[in-house]
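Along the sequence shown, residues carry numbers from 1.
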Amino acid sequence: MKNSILTLVFAFITMTSFAQKSTYQLSSHILDVSKGTPAAGVSIKLEKQNEQTKTWQFVDEKITDKNGRITDFLNSEKANLGIYKLTYFVSDYFKKNNTESFYPFIEVVFQIKDNNHYHVPITLSAYGYSTYRGN
């Protein structure tokens, strides 16, 4: 009986240790180029365009970590094809840093056409930004 319990405990530990972790298809990153540091604490909202109505539907909203990153938008186990919009709410970030800024938020619209990973970073300053498809 004792051996059976130990075997079950060992099997459970092995299964949980080697269980496949969720992977995500979309990530983002904000780098404040005026300071040369990641932009931590920025809220980013993800929306998907409804193909029929051309309206935006809320998908998720997250806050950038200390490295200015969000790594877990759109679970890869689902079909995520479509047109998406990331809205970066940067006004509070600049207020928190006592910096006057021009853009209260930034919207980036892009299309996911396959099952590959999409990384949508922005480089940010108080009066400008740039974006590209990263990896």
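Minimum interatomic distance between K96 and A40 (heavy atoms only, all atoms of both residues): NZ-O, 3.5 Å. Taking all atoms of both residues into account, the shortest heavy-atom contact from F58 to D60 is CZ-C, 3.4 Å. The two residues L26 and L46 have their closest heavy-atom pair at CD2-CD1, 3.8 Å.
Residues W56 and I83 have side chains in contact (heavy-atom distance under 4.5 Å, counting atoms from C-beta outward). Counting heavy atoms from C-beta outward, K62 and I44 have side chains that stay 4.5 Å or more apart. Looking at heavy atoms from C-beta onward, V90 lies in side-chain contact with I106 at the 4.5 angstrom threshold.
Rounding to the nearest 0.5 angstrom, the gap separating the CZ atom in F105 from the OG atom in S91 is 10.0 Å. Note: E61 CD to E47 CD = 9.0 Å, rounded to the nearest 0.5 Å. Put simply, CG on N97 and NZ on K95 are 13.0 Å apart, with the number rounded to the nearest 0.5 Å. Going from atom CZ of R69 over to atom NE2 of H29 covers 4.0 Å, rounded to the nearest 0.5 Å. The CD1 atom of I70 sits 8.0 Å away from the CG atom of D65 when rounded to the nearest 0.5 Å.
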Start with the C-alpha distance between L74 and V59, add both sets of side-chain angles, then the distance that settles side chain to side chain contact (heavy atoms under 4.5 Å, CB included), and finish with yes or no.
CA-CA 9 Å; L74 300 177; V59 175; 4.1 Å; yes
Tell me, with the steps shown, if Y84 and Q49 meet side chain to side chain contact (heavy atoms under 4.5 Å, CB included).
CA-CA 6 Å; Y84 290 86; Q49 188 179 61; over 6 Å; no
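The six-membered or imidazole ring of Y129 lies near that of Y103, with a centre-to-centre distance under 6.0 Å.
One N or O on the side chain of N75 and one on the backbone of E77 form a donor-acceptor pair closer than 3.5 Å. Side chain of S43 to main chain of F89: no donor-acceptor pair is present (N/O by atom type, distance under 3.5 Å, no hydrogens or angles). Between the side chain of T64 and the backbone N or O of G41 there is at least one donor-acceptor pair closer than 3.5 Å.
Neither F102 nor V33 shares a network with the other; the hydrophobic side chains, linked directly or stepwise wherever heavy atoms of I, L, V, M, F, W or Y lie under 4.5 Å apart, form separate groups for each. Put simply, L86 and L81 are part of the same group of oily side chains (I, L, V, M, F, W, Y) that touch within less than 4.5 Å, one to the next. No single ILVMFWY cluster, assembled from side-chain heavy atoms under 4.5 Å apart, contains both Y93 and L31.
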Give the table of side-chain donor-acceptor pairs shorter than 3.5 Å for residues 109-128, with sequence neighbours excluded, one pair per line with atom names and distance.
from : atom 1 : to   : atom 2 : distance (Å)
D114 : OD1    : N116 : N      : 3.0
D114 : OD1    : N116 : ND2    : 3.4
D114 : OD1    : Y118 : OH     : 3.0
D114 : OD2    : N116 : ND2    : 3.2
H117 : ND1    : Y24  : O      : 3.4
H117 : ND1    : Q25  : O      : 2.8
H117 : NE2    : S27  : OG     : 3.0
Y118 : OH     : K113 : N      : 3.2
H119 : ND1    : S27  : OG     : 2.6
S125 : OG     : G128 : N      : 3.3
S125 : OG     : G128 : O      : 3.4

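Applying the 6.0 Å contact sphere to CD of E100 captures no more than 12 heavy atoms from other residues, nucleotides or ligands. Counting non-hydrogen atoms of other residues, nucleotides and ligands closer than 6.0 Å to NZ of K78 gives a total of 12 or fewer.
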